[in-house]
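Index from 1, following the sequence. Below, each value reflects all heavy atoms present in this structure, side chains not excepted, and no hydrogens, waters or symmetry copies.
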Amino acid sequence: MRVLDLLIIAIFLVGMPLLGVLIGGRQKSSDDYFVGESKIRWWIVCLSVVSAETSTLTVLSVPTVAYLAAPGAGGMTFLSLALGYVIGRIVVSYVLLPKYIAGDLVTAYAFLGKRFGAGIQSTASVTFLFTRLLADGLRLFATAIPIKVVLASLGLPDVNYWWIVAALGIAMVVYSYFGGVRAVVWVDAIQMLWYILGAAAVIIVLADRLPDGWLGRAADANKFQLFDFSSPILSNQYALITAVIGGAVLSMSSHGADQLIVQRLMATRDVKASQKALIGSGIVVFLQFALFLFIGVMLWAFYNGASPTQALGLNNNDELFASFIVNELPTGLSGFVLAGILAAALSSSLGALASSTVTDVYQKVVRRKLTDAEIFRQGRIWTVIWAVILVVVAGLFATFFRRGEPIVEQGLSIAGFTSGALLGAFLLGLIFRKARQLDAIVAFLTTVVVVAFVILGLKFTKATGEFLAVDFGKPTATSVSLAYPWYPVLGVVITLLVGGLLSLRHRAPATPPDTEQPETAVKAA
């Protein structure tokens, strides 16, 4: 790294939060702070959604997925998952989004409150807060990886990950606190375009440095295989059926029952705009995955498939792409690309965490309607609180990180524990008209327990996918847990089964709960 590279990175880390504050303008109300008064164009929201969901995990780890794919085992089968993402978003666009936008809600979980009652609304919101905290803590840690590589390249003393994630947390909280959701959405869009340009630059440099015939050699090693029809569906996450079905249900959950995404979609002008933003984001994500997988194949050819940790001397596999950027790219371009990776990380979930906390939990605890000024003030307070907690969780991930797996797979696995239960609760309210709040809560909690038992306790053979035993130990060289795309599918099935059976106790359809939604949970007209 040269002075020019460091200068570009420093300008970015200081300038991007300030730009967010400038774009966000002065926040005058809680509605302006949480949903931007529904004035943001659909294509800006589309880019923001892509940036929010993929971020550093995609930029750093997806190339590693293609790089590590064994010869003959496929290199781009990850795209099967992205195909499922597109299908899931189409379903959400026409089933759930109209409920949110037409219902003038601030959070996705307010829909559950209107359908069932405050109990399930708070339960779902707390679940979102917990899982989003874990997922974003992992994402923040992932961003610290290239920074650590940069500092090591300068010959500086080893800097602890805790200091790095703390600095990133400060940058993230600045524009979330002062600029609200408008700043978050616009900064997300700018950052997404930045790291895509960086990826394109990497491809150009690699193409010039790779030996003749590398493309044919990669093709012979099945590095461009798109669909896997032969692997067992229970143990291989990228088998076609597993990836498409699991990806579709996971996308329905993450984009229909996750406040991080729903908050951005509700910042559009109307239902049609939100639908275009959501479906468009699926197409962009598919292309983005293809771009970074292709980089992974090119890196495989550049390093001749050498082990990142053993042959290249890296601390973990996900340092591969960052190491190439720091050590191989020309001066100036290296700083630009690394700034793009940092851009991917600063996509903030703090606003979503704060809005869900205040609207779905805090107001229920104080048991009174808060004024708009109180909601606005509490939103900012909780933005800071969640930033501190997020830094702590990211630091803990740095301490206990499992170094053998691509970090993107670990992030998707975390979401699987509760994503099916969240989506199942929404579908229960839509499909079973007799279901009551107690039915939904029991089904929800049962699902979380059962899914956790399956993920942690059931083991399958890696080669054939056959069930082995109930074993809460770590997977071995021959055993694996259930493939993570099945986690949300299993969760939805259990929630609908338990909730549907419980609803049979009632003779008449459920009536709306006898609780009025607070005025602060309704968007300004």
Side-chain angles (χ1 to χ4, degrees), residues 1 5-6 8-17 19-20 43-67 78 82 136 138-150 164 168 171-172 175 183-206 260 264 280-296 298-299 318-326 328-330 332-349 406-408 411:
M1 296 293 290
D5 297 314
L6 297 177
I8 292 173
I9 295 172
I11 291 174
F12 168 80
L13 286 176
V14 175
M16 195 58 68
L19 178 62
W43 62 272
I44 295 294
V45 173
C46 173
L47 297 180
S48 175
V49 168
V50 174
S51 179
E53 67 178 304
T54 53
S55 68
T56 310
L57 298 184
T58 297
V59 179
L60 284 182
S61 197
V62 169
T64 305
V65 172
Y67 186 97
F78 193 91
D136 282 2
L138 182 62
R139 187 169 76 178
L140 187 59
F141 159 61
T143 309
I145 292 176
I147 295 179
K148 194 174 180 67
V149 172
V150 169
I164 299 175
L168 291 171
M172 184 188 299
Y175 70 87
V184 171
V185 169
W186 273 95
V187 170
D188 279 355
I190 295 170
Q191 291 166 347
M192 185 258 173
L193 293 175
W194 190 319
Y195 66 72
I196 289 296
L197 285 175
V202 169
I203 289 178
I204 293 174
V205 172
L206 272 170
L260 175 69
R264 287 161 167 77
S281 72
I283 297 172
V284 174
V285 164
F286 184 92
L287 297 175
Q288 181 175 257
F289 279 170
L291 179 69
F292 286 105
L293 287 168
F294 186 69
I295 289 176
M298 297 182 81
L299 290 173
D318 286 301
E319 288 185 0
L320 175 71
F321 189 26
S323 178
F324 174 83
I325 294 169
V326 170
E328 303 293 343
L329 290 185
L333 182 59
S334 179
F336 180 86
V337 175
L338 275 176
I341 293 177
L342 298 180
L346 295 182
S347 175
S348 177
S349 64
I407 198 171
V408 67

Stepwise side-chain contact (heavy atoms from CB on, under 4.5 Å) test for Y195 and Q288: CA-CA 10 Å; Y195 66 72; Q288 181 175 257; 3.1 Å; yes
From [X] atom [atom1] to [Y] atom [atom2], the distance as rounded to the nearest 0.5 Å:
{"X": "F336", "Y": "F12", "atom1": "CZ", "atom2": "CZ", "answer": "10.0 Å"}
{"X": "L287", "Y": "I196", "atom1": "CG", "atom2": "CD1", "answer": "9.0 Å"}
{"X": "L338", "Y": "I8", "atom1": "CG", "atom2": "CD1", "answer": "10.0 Å"}
{"X": "I9", "Y": "S334", "atom1": "CD1", "atom2": "OG", "answer": "6.5 Å"}
{"X": "I295", "Y": "F321", "atom1": "CD1", "atom2": "CZ", "answer": "4.0 Å"}

Side chain proximity check, M192 to V284, heavy atoms < 4.5 angstrom: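 Of all side-chain heavy-atom pairs linking V284 with M192, at least one is under 4.5 Å.
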Mind checking what makes side-chain contact (heavy atoms from CB on, under 4.5 Å) contact with V205, not counting sequence neighbours?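 If we apply the side-chain contact (heavy atoms from CB on, under 4.5 Å) test to V205, skipping adjacent residues, the hits are R209, L329, P330, L333.
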Only counting residues at least two apart or in another chain, list the ones meeting side-chain contact (heavy atoms from CB on, under 4.5 Å) with A189.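 Checked A189 against side-chain contact (heavy atoms from CB on, under 4.5 Å); matches are I44, L47.
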Closest non-hydrogen atom pair between [X] and [Y], with its separation:
{"X": "I203", "Y": "F294", "value": "CD1-CD2, 4.0 Å"}
{"X": "D5", "Y": "G332", "value": "OD1-N, 2.5 Å"}
{"X": "A144", "Y": "I164", "value": "CB-CG2, 3.5 Å"}
{"X": "G296", "Y": "Y67", "value": "O-CD1, 3.8 Å"}
{"X": "S281", "Y": "C46", "value": "N-SG, 3.3 Å"}

What's the verdict on side-chain contact (heavy atoms from CB on, under 4.5 Å) for L206 and F324, showing C-alpha distance, side-chain angles and the deciding distance? CA-CA 10 Å; L206 272 170; F324 174 83; 3.4 Å; yes
